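Values in this document were obtained by computation on a predicted structure and should not be read as measured data. Throughout, a chain's letter reflects where its sequence line sits, starting with A, and its residues are numbered from 1.
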There are 2 protein chains.
Amino acid sequence: MVDDPMRRQRPSDATTVAIALLSTRGYEATTVEELADAAQISRSTFFRRFGSKEDVVFADHDYLLERLSAYLDAASGDPLEALRHGARIVLDHHLSRREASLTRHELLQRNPTLRDRELVSSHRYERAFASYLREVVPGASERGWAITALAAGIVSVHNDMLRAWLKRAEIPATEILDTQLRSLCGLFSPVLFPDPNERAASSRVVVAVFDRDIGPGRVLARIQSAIDGAVAF
Amino acid sequence: MVDDPMRRQRPSDATTVAIALLSTRGYEATTVEELADAAQISRSTFFRRFGSKEDVVFADHDYLLERLSAYLDAASGDPLEALRHGARIVLDHHLSRREASLTRHELLQRNPTLRDRELVSSHRYERAFASYLREVVPGASERGWAITALAAGIVSVHNDMLRAWLKRAEIPATEILDTQLRSLCGLFSPVLFPDPNERAASSRVVVAVFDRDIGPGRVLARIQSAIDGAVAF
DNA sequence: GCGCTGTGTGACACGGAGTGTCAACTCCGA
DNA sequence: TCGGAGTTGACACTCCGTGTCACACAGCGC
C-alpha cells in the first residue's frame, strides 16, 4: 500500500485542486471527505489514489524525486555538471507552475506539520544526490562527510533560490542557481576530485635563480613557466 | 498545546518505558492506552504530558536541542571549537545511556514513519548549528551555502559516529568524533574565517635572489622567513 | 451468447489518535 | 476551615486511515 506505483505518476489536477482547497480553508479544517468531493471521487478512492491527506500535498515531490533519480542513474560525463543539471530539473518543474507552487508554499507556511514533512522530502533529494556522488567519487567512503555536506548544500541552495523566486518572479532563477551551484561545487571539487597537478602546484614554492644581468622579461617568462609546472627546478 | 514548556524537561523514566514497550510490541500494535497504563497514568494525562504517541519517542531530542541551543547561545571563543563541543554534548548524552539508545535505535529501524520524524529532528540540530554560525561568521549572508553545508556535515558526522558506536560499544566515539569534526571544520575554516596572512601566502609566489656564494643554510632561512610572510620582496 | 478473471470504484464499519469538557482531587496560603 | 489554582481522570466526540464486501466493467477463451 505504501509504495503503490500508481501514486508516482505525474501529479494530476486533483492534487492541485486539493492543495488549493487545503490552502484556502485551512489544512486541519478541511476533511478528506471534502477533498474527495472536490475531486468528484469517493473518500475510499481518495485514500486509494493518494495514500493520505498529507501525501496529496507532496505528490509533486514523489514525482520529481523519481525523475531526479532516473536522471542521475543515467547521467554520464562531468559529475558536478550532472548535479547542477539535476537541481535544475527540480527547479524548472516549480518554475513552470508558478500558481500551484505559490499556493502550495502558502499552505506550508501556515502549517508546521507540513513544513516538517517538507524537510523529509528535502532530505530525500539530498539522499539522491549523495548516493549518486557515492557512486562517482573515487574512494567515497573516506569522504562521506564531504558528500553529505555537498548534497545538503545543493538542496539548500536550490531551496533558497526557489523561495526567492516565489517572492519575486522576475529574477532569473535558473541562471542564478547555476552560478551559485558552480561556486558550491567548486569548493568541493578539489576534495572530491583532486587534480594531481593542481595539488602539487599549490603546495610548492618556486625559487628562481638567475644571472644578475638577465632582463626582467625573461625572468617573468621563466617564472611563468615554472608556475605552470612545465619546468621544475 | 504544541509548545508546552513541561515537555522540554529532562526525559523521564516514563519515556524510556514507553520506548521499550513500543520497541518490543511494535509501534503500530501498541496503543496509547497501553503506554499510559505502563506509565501508570491515564490516557488523558499521557497526551497532556507527551503531546502525542510520536513525541514520546523524541522527547530526548527536544531536551537535547534545548541544551545545545543554550550552549551555543552562551558560547564564546573559537567558534569551530564551540561547534565541536556542541556535537559532543549531544553524543555524550547518547553514550551515557546505551541501553535506552539501543532500544530506541531498534524501534526507529523498524518504522519508516519514525525514521522520517528522526530526520526532522536531525534537521533541527542542523538549524541550531547553522543559526549559531550565522551569528559568528562575518558576512554570513554571502556564505549561506557554506554554513548550511557545514551544519549538515557536522550532524552527518555525528550521526554516523553514533550509529557506529551503537554497533560496537568499545570504539572511542568521543575521540573519533572530535578528530573527524576537526577535519570537517578545517575544510570550511578558510571559507568562513579567512585568515588574511594565509590567504596572501597561498596566492603568492616567492622569488628569492641571492649571491652565488651564499651558503645553503642561509638560503633556506631566508626562504622560510619569506614564506612566513615576515619578509616581502 | 456464456462464464471467467482482474481491476477500479463506492459504501460501510471499525480501531485508534488526538481534542475538548467537566468533575474530582491535591496543594497552598489566608 | 475556606477558597483558588493547578493537575488528573473519565468520557464524548471528530476524523484519519484500513479493511471488507459488493458492484460495474473491461478483456478473453470457449
Side-chain angles (χ1 to χ4, degrees), chain A residues 1-15 17-19 21-59 62 107-108 110-118 120, chain B residues 1-15 17-19 21-59 62 107-108 110-118 120:
Chain A
M1 186 65 66
V2 168
D3 32 22
D4 179 350
M6 285 298 295
R7 245 180 288 132
R8 288 288 146 78
Q9 288 174 1
R10 171 91 212 227
S12 61
D13 292 341
T15 68
V17 170
I19 290 175
L21 208 60
L22 289 168
S23 180
T24 55
R25 297 196 197 170
Y27 183 79
E28 301 290 343
T30 312
T31 70
V32 172
E33 194 152 8
E34 292 172 312
L35 296 180
D37 288 350
Q40 299 192 324
I41 54 178
S42 77
R43 207 179 82 100
S44 321
T45 308
F46 178 91
F47 279 109
R48 259 191 292 262
R49 284 227 190 120
F50 305 113
S52 77
K53 187 178 173 183
E54 259 193 31
D55 287 350
V56 80
V57 181
F58 298 93
D62 288 346
L107 174 60
L108 291 188
R110 290 189 222 292
N111 197 297
T113 309
L114 295 181
R115 279 207 301 274
D116 283 350
R117 178 69 143 74
E118 178 85 347
V120 175
Chain B
M1 185 66 66
V2 167
D3 33 20
D4 180 351
M6 286 298 296
R7 246 180 288 133
R8 287 289 146 78
Q9 289 175 1
R10 171 90 212 228
S12 62
D13 292 339
T15 66
V17 169
I19 291 175
L21 207 61
L22 290 168
S23 181
T24 55
R25 297 197 196 170
Y27 183 79
E28 301 290 345
T30 311
T31 69
V32 171
E33 195 151 7
E34 293 172 313
L35 295 180
D37 287 351
Q40 299 192 324
I41 53 177
S42 76
R43 207 181 83 102
S44 321
T45 308
F46 178 92
F47 279 109
R48 256 190 293 263
R49 281 226 194 119
F50 303 112
S52 77
K53 187 179 175 183
E54 258 193 32
D55 287 350
V56 80
V57 182
F58 298 93
D62 288 345
L107 174 60
L108 291 188
R110 290 190 221 294
N111 197 297
T113 310
L114 295 181
R115 280 207 300 275
D116 283 351
R117 178 68 143 75
E118 178 85 347
V120 174

query = Counting only side-chain N and O atoms of B:T45, is one of them less than 4.0 Å from OP1 or OP2 of D:dT8?
reply =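 B:T45 to D:dT8 OP1/OP2: no side-chain N or O under 4.0 Å.
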Q) Is there a side-chain polar atom (N or O) of B:S44 under 4.0 Å from OP1 or OP2 of D:dG9? A)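 No, because none of the side-chain N or O atoms of B:S44 sits under 4.0 Å from OP1 or OP2 of D:dG9.
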Between [X] and [Y], what is the shortest heavy-atom contact and its length?
X: A:V32; Y: A:F47; value: CG1-CE1, 3.7 Å
X: B:R25; Y: B:E34; value: NH1-OE2, 3.2 Å
X: A:T30; Y: A:L21; value: OG1-O, 3.9 Å
X: B:A59; Y: B:T15; value: CB-CG2, 4.1 Å

Contact between [X] and [Y] at the side-chain level, heavy atoms closer than 4.5 Å - yes or no?
X: B:L22; Y: B:K53; value: yes
X: A:F58; Y: A:L108; value: yes
X: A:T113; Y: A:E54; value: yes

Shorter than 3.5 Å, N or O on both sides, protein versus nucleotides 15-18 of chain C: list them out with atom names.
unit_1: C:dA17; atom_1: OP1; unit_2: B:V32; atom_2: N; d: 3.3
unit_1: C:dA17; atom_1: OP1; unit_2: B:K53; atom_2: NZ; d: 3.3
unit_1: C:dG18; atom_1: OP2; unit_2: B:K53; atom_2: N; d: 3.0
unit_1: C:dG18; atom_1: N7; unit_2: B:R43; atom_2: NH2; d: 3.0
unit_1: C:dG18; atom_1: O6; unit_2: B:R43; atom_2: NH2; d: 2.8

- request: Find the distance A:R49:CZ to C:dT9:C1' and express it as a whole number of Å.
  value: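 For the pair A:R49 CZ and C:dT9 C1', the rounded distance is 9 Å.
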Could you state the atom-to-atom distance from CZ of B:F46 to P of C:dT19 in whole Å?
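To the nearest whole Å, that distance equals 12 Å.
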Listed pairs, N/O of protein and of nucleotides 21-24 of chain D, under 3.5 Å:
none

* Asked: Stepwise, does the salt bridge (charged side-chain N to carboxylate O under 4.0 Å, His left out) test hold for B:D55 with B:R117?
  -> CA-CA 9 Å; B:D55 287 350; B:R117 178 68 143 75; 2.3 Å; yes
